[in-house]
Structures are given as C-alpha cells and as structure tokens.
Amino acid sequence: MPRKYTEPQRSEHNAYVAAEKRARIAAGAELGELRRCQDVGRRARAEESLSSWSSVYCSYRHKHRASGNHGKMYDSLSGALGSGETWLALQAPRGEAKSFKSVEAITYAVMTGRKHFVCCFTSSMSTTETLVQYFEGQFLQTDTVFSADYPEVFQALEVRGNYAQRKVTYGGEDIRLTWGATKNGKRIFRFPTLPGVASSGAVVVFQSVTSKIRGMGFVDEKGIPLRPDLLLLDDVQDLEISQSEDRISKLLEKFDKDILGLSGDAPMSVIVLGTPFHDQCFMSRILRDRRFDGVSLQAVYKFPNRMDLWEKYRTIWEEEYDAGVLEFGSNERKRAASRAYAKASSYYQQHRLEMDAGCEISWPERYAQKYTGVSAIENIMREYLLILREEAFQQEKQCIVGARVSEEVERLDEDKFLGKISHTLEEWVSPDWASKLTAAIDVHGNVLYYTVAAWGPNFDGHTIAYGTWPQQPNTAWKQSKVPFSLRKMYAGAGEAGAMRAALDALVGELLNRTYRREDGSEIYLEKIVLDNNNGLFRKTVSKFLKESEYREKLVGYVGDWYASGHQPRKRTEEGGLEWKYIEGTHRREVIAFRDFWKAYALSRWLTPVGDGGCMTLFKGGPSRHRRFFMEMTAKKYRPVRLSSGKTMLRWDDKAERDDHYGDCDTMNFIAASICKIGQKAELDAPRHRKRVKYSELQKQKWKKG
C-alpha cells in the first residue's frame with residue numbers, strides 16, 4: 001500500500017521541492033566572460049548590406065538559391081531600414097518567401113543597431129505565430145556562423161535556457177531579457193541589455209492587427225520610454241477582409257490612426273508587404289498612396305514568344321485528359337491527369353527551344369522542382385495554363401489586378417465616392433443650378449433616417465443633408481440598438497405614439513426650414529417620400545399620411561412593383577417611370593420597381609463629376625461621410641438576365657450592415673421623378689404594349705403546338 005503522508009510532512013516536502021527548483025534556476029545565471037566573435041571581418045562584411053547578411057548568416061535556411069526578386073527585395077528593404085523617413089509598399093508574388101525575407105530584415109536591423117524597437121503586424125494570431133517561428137528559428141541553432149559571430153546574444157540565451165523566469169546576470173548585475181513572452185495577445189522579444197552591444201535592449205513585438213494597438217509601450221534599462229522606429233505589416237489583409245469594403249475601410253482607418261500613431265514624434269520606417277486581391281483592396285491602395293515608395297514584383301517578367309505552341313500544349317493535355325477519363329472512368333481522374341501531363345511534356349521536349357525562347361521568370365530554381373515538368377519554364381507555364389485560372393495567376397503570381405476579381409458590374413468604391421464630395425457647398429446649402437428639393441424618410445421603431453436632395457435638369461442631384469431623428473451622439477451604433485431612441489425621446493408614449501410624434505416633428509422640421517442656394521436665393525422643399533414598408537408601423541404611417549397638416553406634400557412608398565421588371569402600367573394607372581400611384585389612396589402612396597430605381601441611383605453616383613446626371617454630396621471629409629458611404633454600399637447586387645433577353649441588376653434582400661441611407665437615397669430619386677424632374681431621353685421614352693387580337697394569340701398557340 002502507498003505510504004500516507006501527514007500534512008506537516010507534505011508541506012515540508014513541497015517546500016524542499018520549491019527550494020530545489022529555485023536553486024536550479026539560480027545556478028548558472030551568471031554569464032561570466034563573454035565569448036569573442038569568431039570572425040570580425042566576416043561580421044563587418046555581412047553588416048554592410050541586407051543581401052550580404054542573408055548570404056552569410058541565413059544561407060543554411062534557404063532551400064534554393066536567391067532569386068532575382070530577392071535581390072530587388074533586399075535593395076528595397078535596405079533603403080527602408082537605413083532611413084527613418086522611408087515608407088515602403090512591396091507587392092510580391094505568393095510563394096516567393098517575402099515573409100521569410102522580412103524576418104531576416106528585422107533581425108539584420110536589430111542586430112546591427114539600425115533599429116531598436118520593431119513592431120510586426122499580421123492578419124491573425126495564427127499568421128503571427130508563423131512569423132514568430134521564422135524569427136525565433138534563427139536563434140535555435142547554436143553551431144552556425146551566426147551564433148559564432150554574435151556570441152553576446154546566443155550566450156545569454158544559452159544561460160537562460162528554457163527557464164523563462166531565470167534571472168541572468170553579467171558582472172553581478174541583472175540584465176533584462178525576455179524571449180517569446182505572451183502578453184495581451186502579443187509575442188515579445190527583448191534582447192539582453194549588455195554594455196557595448198548594438199542590439200542591447202532592443203525590442204521586437206509580433207501581434208495581429210485585430211488585437212489592441214493603442215497604449216503599447218516599453219522602457220529601456222534607464223527607464224526612458226521607447227517608441228517604435230520600424231513598423232512591418234506582413235499580409236495584414238486576407239481574402240475575407242478584401243471582399244468587404246467595410247473591413248477594408250476599417251483596416252485603413254486603424255492603419256492611419258492607431259498603427260502610424262505608435263511612433264509619436266520620432267522618425268519611423270514603415271514596410272508594408274503583401275499580395276493584392278483587387279484594385280480597391282488594402283494593398284492596392286497603399287501601393288498608390290503618395291506617402292509610400294511602391295514596388296511591385298512578378299513571377300514572370302516575359303512570357304514566351306511562341307504562345308501559340310503553349311496553346312497547343314494545353315490542347316494536348318485537355319484532349320488526353322478527356323480520353324483518359326473515358327478510358328479509366330471518372331474515379332481515375334488522377335491517373336488520366338498524370339498521363340495527360342506526360343503527353344503534353346513530351347510535346348514540350350520536342351519543341352523546347354522554341355517554347356522557351358523569350359521567357360524570363362524570377363525564380364527558376366524553385367519552379368524547376370515544383371511540378372513534374374522537365375524545366376522551370378514548363379512548370380510555371382503549366383501553372384499558368386492548367387492549374388490556376390488566368391485571373392488568379394495574374395493576381396497571385398504577377399501582382400496585376402483590375403477591378404474586383406469575378407465581378408461583372410461596376411461598384412461604388414470609396415475613391416469614387418470621395419470624388420463626389422463638394423469642396424465648397426456646406427450642409428443644407430443647395431447648388432445654384434437646382435430648381436427643386438425633395439426629402440425621404442426611412443421609418444424604424446428606434447430611429448428615423450432622412451436625406452434631403454436638390455435636383456436640376458437630367459437628374460443632376462446634390463445631397464444637401466442627411467441624418468437621424470433623434471440625432472445620435474456618434475456614428476458607432478446600429479439601428480437595432482441606438483444610444484438615443486424614439487422611446488427615450490418621447491418618454492411615456494407607446495411605440496405608435498412615439499412614432500407619430502417623431503414623424504410630426506421631423507416632417508415639420510424639414511418643411512418649415514428655410515433653404516437657400518449658394519447664391520443666397522430661396523428654394524423650397526416640394527415633396528417628402530416616407531417609407532411605408534415596415535409592417536409594424538404601416539397603420540401609423542398611413543394614418544399620418546392622411547391626417548398630417550402637411551399631407552399635400554407627403555407621399556408614402558409601398559413595396560416593390562414588378563418581380564421581373566420593365567413591365568408597363570395599365571392604361572387606367574397613373575404614375576411615371578417605373579412607379580405608379582396605388583388606387584384608392586388619393587395619390588398619397590406610390591409603388592415603385594425598387595431594383596430599377598436602385599440601379600438608376602447607382603448610375604448617378606457612378607457618373608463622373610461634370611457630366612449630366614451626376615450625384616454629389618455636401619462638403620466634409622472621409623470621416624464625416626463614412627457612415628453614409630457604408631450604408632449606401634451595404635447591399636450586394638448582381639446582374640441577372642430576364643426572359644426577354646435584357647439584363648438588369650438585382651439587389652439582395654440581406655445587407656452586410658445597416659443600409660437605411662441607401663433606402664432614403666433611392667426614395668429621393670423616386671420623389672424627384674414624382675416632381676417631374678426630367679430624365680435622359682432613353683429612360684423617358686414611353687413604353688407601350690402592342691395590342692394583339694385574341695385570334696392572333698390563338699394562332700400563335702396552335703403553331704407552338
């Protein structure tokens with residue numbers, strides 16, 4: 001039977017074990033005499049440039065010889081590391097070791113004393129750990145020329161060992177050393193504080209852009225606060241971020257406000273590495289930013305002269321693959337593909353000189369082993385022709401992007417939107433060319449949204465104001481949970497009562513306001529369209545439309561009209577282009593084809609400034625109009641083909657975020673049409689149905705069988 005210890009015996013045993021552990025940790029804590037550099041000349045030559053450093057101290061970590069792109073990377077990175085004023089944006093193909101090279105650059109900058117506080121940012125915690133492994137792996141091998149030439153760092157790490165809490169001393173005094181500690185989602189590396197050492201006390205921090213950035217600070221051995229002098233952003237944008245305009249804008253805002261603000265007043269180098277996704281993604285915008293030196297690298301700098309032979313190569317593979325699937329069966333696709341590659345490769349070997357002529361690739365050594373082709377050129381052309389789609393190859397390997405990948409329609413991006421903001425017209429001021437004003441109100445239980453627009457000929461439009469009722473203290477809220485709701489504003493009233501009071505107040509505020517053009521003359525608000533699609537408040541809004549003292553200027557908007565679009569009204573129906581009055585409502589409610597008017601409004605926002613029919617916005621910076629832009633672009637849309645053969649845009653019902661200003665904008669266009677604002681001739685052309693006799697319809701039916 002196991003021996004049972006009494007409580008005093010157990011306490012004595014625990015105290016003994018703890019004392020032994022403290023003794024083991026304390027043993028060997030003194031560095032003693034520092035080893036000397038094995039080759040001072042080699043170290044001096046390596047510190048001259050980043051490329052020399054890599055070839056001397058990092059060659060054992062490389063599978064292949066450095067590529068032409070690596071030389072360009074080294075030159076660009078060296079320029080950023082040598083100056084506190086250089087900001088570098090570097091686009092490089094995926095798979096060309098840009099993250100690996102960036103870690104080498106960090107180590108080079110810290111070990112040579114060029115930088116003392118480095119902050120590295122990635123897209124997520126998992127990618128942060130990958131970058132940490134790249135960095136930490138350089139210091140794991142103790143039998144390399146790197147460890148031999150920098151014994152002051154490696155000796156301190158050896159003495160510390162795996163004991164994170166061990167105090168390391170030098171000459172009887174404690175030295176500060178932190179290696180890989182995790183704190184608030186950050187991985188922290190503080191180099192040992194040793195006198196006369198270039199890297200003494202240097203700090204390298206790895207973290208995700210999603211973690212907390214503000215408030216990060218360190219002090220040196222004298223207690224003086226440290227500020228980052230080098231920022232590295234490595235692939236901070238992933239596919240999910242690039243597909244959302246909202247997340248791209250938030251990342252840019254965090255970059256400008258939080259990340260760039262880390263340096264304080266001190267000079268700081270900034271390096272942004274990545275691969276673009278489309279022309280409006282984070283990386284593409286940074287590359288176009290005037291603050292950055294933009295460098296874009298490619299995997300293929302010149303394609304072969306005889307692309308017709310390569311098209312024949314693809315045809316041979318496809319035909320052989322199809323024949324293999326027929327012969328072996330659909331479950332033997334791998335076998336069919338292998339045979340197809342072999343036959344296509346045989347054709348390449350017969351015409352290799354012609355098919356290779358003129359081709360220049362960045363890294364032949366890597367592509368020579370990537371696939372089963374007989375050369376690097378065959379492998380990369382195989383990737384271009386057979387493995388990746390052309391657009392994916394252009395993006396991932398060539399860093400060439402156009403509009404958003406796989407999109408067939410033009411989008412209202414942030415750059416186009418910012419170009420629509422007036423530099424002179426203040427809020428609530430109408431342009432002098434405008435002849436009419438309209439307003440739209442989107443109805444919700446917590447808050448009302450509104451926009452006011454001025455209109456000129458051919459649907460020249462200018463949004464002079466937008467906002468909420470009640471007005472909110474900031475823009476960081478959702479419609480489902482507002483800081484100051486209608487129920488709070490009208491305490492004691494029920495939902496219907498609060499809604500009716502809010503409508504009375506907002507409509508009265510909009511109609512009783514004095515509006516002026518920029519030349520000082522007055523202009524009047526002619527029509528307000530209210531959203532009456534909200535089933536919870538339909539009775540309240542309908543009653544308000546009939547009983548309001550301003551009812552002659554109010555119109556309710558109800559639902560969608562056509563499911564397929566572009567269908568004419570009946571002869572007895574009154575209305576305008578893609579909208580009509582609902583019978584029996586005394587012309588106080590209209591029903592309109594939503595997708596048509598959303599597409600029409602989008603086309604006005606996409607029209608360049610200066611062209612007829614352009615939509616603009618009152619004066620303000622990006623931060624002032626950011627919420628308006630986000631709501632205007634919240635819903636996704638796609639082109640659909642109708643049975644008639646025509647194509648139209650279809651908006652999804654679900655939105656990524658609140659889209660109520662977008663609904664107000666659409667209703668404002670309907671209000672302008674109700675006020676008889678003239679549209680372009682091709683849109684204003686009458687659409688009449690051809691009258692067909694019943695006997696003719698019967699004949700057509702018989703012919704079809």
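Start at 1 with the first residue, then count along the sequence.
Residues Asn69 and Tyr301 bring a donor and an acceptor atom of their side chains to less than 3.5 Å of each other.
The shortest heavy-atom contact between Ala89 and Leu287 is O-CD1, 3.5 Å. Of all non-hydrogen atoms in Cys281 and Gln237, the two that sit nearest each other are CB-OE1, 3.1 Å. The minimum heavy-atom distance between Pro483 and Lys488, with the atom names listed, is O-NZ, 3.1 Å. Closest approach of Arg291 to Asp256, counting heavy atoms only: NH2-OD1, 3.2 Å. Heavy atoms only, all atoms of each residue included: Lys101 and Ser54 are closest at NZ-OG, 4.1 Å. Here the closest heavy-atom approach between residue Ile106 and residue Val118 is recorded as CG2-CG1, 4.1 Å.
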Does the ring pair (Phe, Tyr, Trp, His ring centres under 6.0 Å) test come out yes or no for Phe669 and Trp455, once each step is laid out? CA-CA 9 Å; Phe669 275 86; Trp455 303 98; 4.9 Å; yes

Evaluate the salt bridge (Lys or Arg N to Asp or Glu O under 4.0 Å) criterion for residues Arg288 and Asp415: first the C-alpha distance (whole Å), next the side-chain angles of each, then the deciding distance (0.1 Å), finally the verdict. CA-CA 12 Å; Arg288 296 194 300 265; Asp415 290 342; 3.3 Å; yes

Could you go through Ile670 and Asn668, starting from their C-alpha distance and side-chain angles, then the distance that decides it, and tell me whether this counts as side-chain contact (heavy atoms from CB on, under 4.5 Å)? CA-CA 5 Å; Ile670 298 173; Asn668 243 328; over 6 Å; no

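At a threshold of 4.5 Å between non-hydrogen side-chain atoms, the residues Asn184 and Lys212 do not count as touching. Considering only heavy atoms from C-beta on, Arg247 comes within 4.5 Å of Glu240 through its side chain. Considering only heavy atoms from C-beta on, Leu262 comes within 4.5 Å of Leu231 through its side chain.
Remark: Ala299 pairs with Pro93, Glu96, Ser362, Tyr367, Ile380, Lys397, Gln398 by the side-chain contact (heavy atoms from CB on, under 4.5 Å) rule, at least two apart or across chains. Every side-chain contact (heavy atoms from CB on, under 4.5 Å) that His625 has, sequence neighbours left out, goes to Phe417, Ile421, Tyr466, Leu617, Phe618. In this view, Thr107 and Gln138 satisfy the side-chain hydrogen bond (donor to acceptor under 3.5 Å, both in side chains) rule, not counting sequence neighbours. Listed by chain and residue number, Trp363 satisfy the ring pair (Phe, Tyr, Trp, His ring centres under 6.0 Å) test with His70 (two or more places apart in sequence, or in another chain). Partners of Phe282 according to the ring pair (Phe, Tyr, Trp, His ring centres under 6.0 Å) rule, which considers only residues two or more places apart in sequence or in another chain, are Phe255. Taking Trp469 as the reference, Tyr490 meet the side-chain hydrogen bond (donor to acceptor under 3.5 Å, both in side chains) condition, with sequence neighbours excluded. Judged as a side-chain contact (heavy atoms from CB on, under 4.5 Å), and not counting sequence neighbours, the contacts of Ser269 are Lys115, Leu230. Partners of Asp293 by side-chain hydrogen bond (donor to acceptor under 3.5 Å, both in side chains), not counting sequence neighbours: none found. In this structure Ala105 satisfies the side-chain contact (heavy atoms from CB on, under 4.5 Å) test together with Leu50, Leu77, Leu81, sequence neighbours excluded. Residues that satisfy the ring pair (Phe, Tyr, Trp, His ring centres under 6.0 Å) test with His660, not counting sequence neighbours, are His444, Tyr449. The side-chain hydrogen bond (donor to acceptor under 3.5 Å, both in side chains) check on Lys183 picks up nothing, with sequence neighbours excluded.
No more than 12 heavy atoms of other residues, nucleotides or ligands shown are found within 6.0 angstrom of CZ on Arg94. Residue Lys254 places its NZ atom among more than 12 non-hydrogen atoms of other residues, nucleotides or ligands, all under 6.0 Å distant.
Note on Arg61 versus Glu104: no salt bridge recorded, every NZ/NE/NH1/NH2 to OD/OE distance being 4.0 Å or above. Using a 4.0 Å cut-off between charged nitrogen and carboxylate oxygen, Asp665 and Lys598 do not count as a salt-bridge pair. No salt bridge links Arg411 with Asp413; every basic N to acidic carboxylate O contact stays at or beyond 4.0 Å.
Taking the six-membered ring where the residue is Trp, Phe189 and Phe135 present perpendicular rings, their angle passing 60° and hence far from 30°. By the 30° and 60° cut-offs, the orientation of the rings of Phe596 relative to Tyr600 is parallel.
Among pairs with a residue in residues 225-237, those fulfilling salt bridge (Lys or Arg N to Asp or Glu O under 4.0 Å) read Lys98-Asp235, at least two apart in sequence or across chains.
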